[in-house]
Amino acid sequence: MRIKHIILASAVLVSVSSFAQKDELKKLKKIYEKDVPSANDLADYKANLDKLAPLATEEGDKVYYDFYRVSTPGIEMAMLGTTASPAQLIKLFNPKVITDLANAYNATLDYEKKTGKKVFTDEIVKDISTFKPILVNVAINLGDAKKFKEAGDVLYSVYQLDKKDQDKLYYAASYAVNGLDYDIALEYYTELKRLKYTGEGTLYFAYNATSKTEEN
């Protein structure tokens, strides 16, 4: 009888944990989907992440916990809106944050491809196209400030976010050279060689009727 009680108690605990888990995921999703989250939303978001951390033991739960965790800077950026300064963006999206973002995004894309259930795939593709120009501007500002290593780190992280964009890896290598970080530069150039990168491509131009100029 004692063993039966232990098994029953364990089953109840598992079901309670699973229910709590789903509850935290719903709250995170609700805040994540807000266009303009508030300071209270951000506090709730972080609190729900803390609650979910010990409960996320299954593969899917771990994947989505990481997805929401790395999306925290995006929530903060949405709070700032168009008032965000380059300094604030650099603080929010430092190279480690971008690398974590790339890893979590890729893990989520792989998991959803494997399960055949698109939950965030379309959102991730959209986010990458939104984040990339912002992050490239962060790298340019760092380069202008002669912070070549940091600029290269950001561009390498952008490449990790979208590995089809090999130009970013090339420019990351160039920044590494400028920063006298030759070991990293060699690593990046070796990767470019493995990818058979030539730098060749097609550039399209269109006439802008408003500015009366050609734009690529």
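The minimum heavy-atom distance linking Asp35 with Ala78 is given by the pair O-CB, 3.8 Å. Closest of all the heavy-atom pairs between Pro73 and Val97 is CG-CG1, 3.7 Å. Closest approach of Gly152 to Ala172, counting heavy atoms only: O-CB, 3.5 Å.
Under the 4.0 Å criterion applied to side-chain N and carboxylate O atoms, Asp100 and Lys96 are assigned as salt-bridge partners. Using a cutoff of 4.0 Å between basic side-chain nitrogens and carboxylate oxygens, Asp41 and Lys34 are scored as salt-bridged. Between Asp66 and Arg69, at least one side-chain N (NZ, or NE/NH1/NH2) sits under 4.0 Å from a carboxylate O, which counts as a salt bridge. Taking 4.0 Å as the cut-off between side-chain N and carboxylate O, Lys46 and Asp50 do not count as a salt-bridged pair. Electrostatic pairing of Arg194 and Glu191 counts as a salt bridge here, judged by a charged N lying under 4.0 Å from a carboxylate O. Salt bridge present: Lys29 and Glu33 bring a charged side-chain N and a carboxylate O closer than 4.0 Å.
Grouping the Ile, Leu, Val, Met, Phe, Trp and Tyr side chains by contacts below 4.5 angstrom, directly or via other members, places Tyr182 with Tyr170. Cluster annotation: Tyr105 and Val125 are assigned to distinct hydrophobic clusters (Ile/Leu/Val/Met/Phe/Trp/Tyr, side-chain heavy-atom contacts under 4.5 Å, transitive).
Contact check for Ile98 versus Val154: side-chain heavy atoms found under the 4.5 Å cut-off. Proximity of Lys114 to Glu59: side-chain heavy atoms (C-beta onward) are separated by under 4.5 Å at one or more points. Here the side chains of Asp153 and Thr99 are not in contact, with every heavy-atom distance at 4.5 Å or above. With contacts defined as side-chain heavy-atom distances shorter than 4.5 Å, the pair Ile134/Met77 qualifies. Within the 4.5 Å cutoff, side-chain heavy atoms of Lys168 are placed close to those of Val136.
Leu80 contributes atom CG, which lies 6.5 Å from atom CG of Leu92 (distance to the nearest 0.5 angstrom). In this structure, Ile124 CD1 and Leu109 CG are separated by 4.0 Å, a value rounded to the nearest 0.5 Å. Atoms OH and OH, on Tyr68 and Tyr45 in that order, are 7.0 Å from each other to the nearest 0.5 Å. Interatomic distance, CD of Glu123 versus OG of Ser71, reported as 9.0 Å (0.5 Å rounding). In this structure, OH in Tyr156 is found 8.5 Å from CD1 in Ile184, a value given to the nearest 0.5 Å. Between the CG atom of Leu161 and the OG atom of Ser157 there is a distance of 8.5 Å, given to the nearest 0.5 Å.
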Margin query: Test side-chain contact (heavy atoms from CB on, under 4.5 Å) on Leu180 and Phe148; report intermediate values, then the result.
Written below: CA-CA 9 Å; Leu180 308 181; Phe148 299 121; over 6 Å; no

Checklist line | side-chain contact (heavy atoms from CB on, under 4.5 Å) evaluation trace for Lys30 with Lys27 | finding: CA-CA 5 Å; Lys30 186 177 179 182; Lys27 290 175 182 175; 5.7 Å; no

Next item on the list: Take Asp44 and Ile31, measure what side-chain contact (heavy atoms from CB on, under 4.5 Å) needs, and give me the verdict at the end.
Entry: CA-CA 8 Å; Asp44 287 344; Ile31 297 170; 3.8 Å; yes

Notebook entry, point to check: Stepwise, does the side-chain contact (heavy atoms from CB on, under 4.5 Å) test hold for Asp61 with Leu25?
Noted result: CA-CA 9 Å; Asp61 297 325; Leu25 284 168; 4.1 Å; yes

Item checked: Intermediate values then yes/no, ring-ring contact (aromatic ring centres under 6.0 Å, His included), Tyr188 and Tyr175 -> CA-CA 11 Å; Tyr188 294 170; Tyr175 272 129; over 10 Å; no

Note to self: Using ring-ring contact (aromatic ring centres under 6.0 Å, His included), reason through Phe67 and Tyr32 one step at a time and then give a plain yes or no.
What the structure shows: CA-CA 11 Å; Phe67 173 82; Tyr32 172 82; 5.4 Å; yes

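The closest side-chain donor-acceptor pair between Glu112 and Tyr64 falls under 3.5 angstrom. Checked by atom type, the side-chain pair Asp167/Tyr197 shows a donor-acceptor distance below 3.5 Å. Residues Thr130 and Asp127 bring no donor and acceptor atom of their side chains to less than 3.5 Å of each other.
Side-chain atoms of Thr121 do not come within 3.5 Å of backbone N or O of Lys118 as any donor-acceptor pair.
Atom OH of Tyr171 sits in a sparse spot, with 12 or fewer heavy atoms from other residues, nucleotides or ligands closer than 6.0 Å.
Among Leu55, Leu28, Thr57, Leu52, the one residue that satisfies the side-chain contact (heavy atoms from CB on, under 4.5 Å) test with Tyr65 is Leu52.
Judged as a salt bridge (Lys or Arg N to Asp or Glu O under 4.0 Å), and not counting sequence neighbours, the contacts of Lys132 are Asp162, Asp165.
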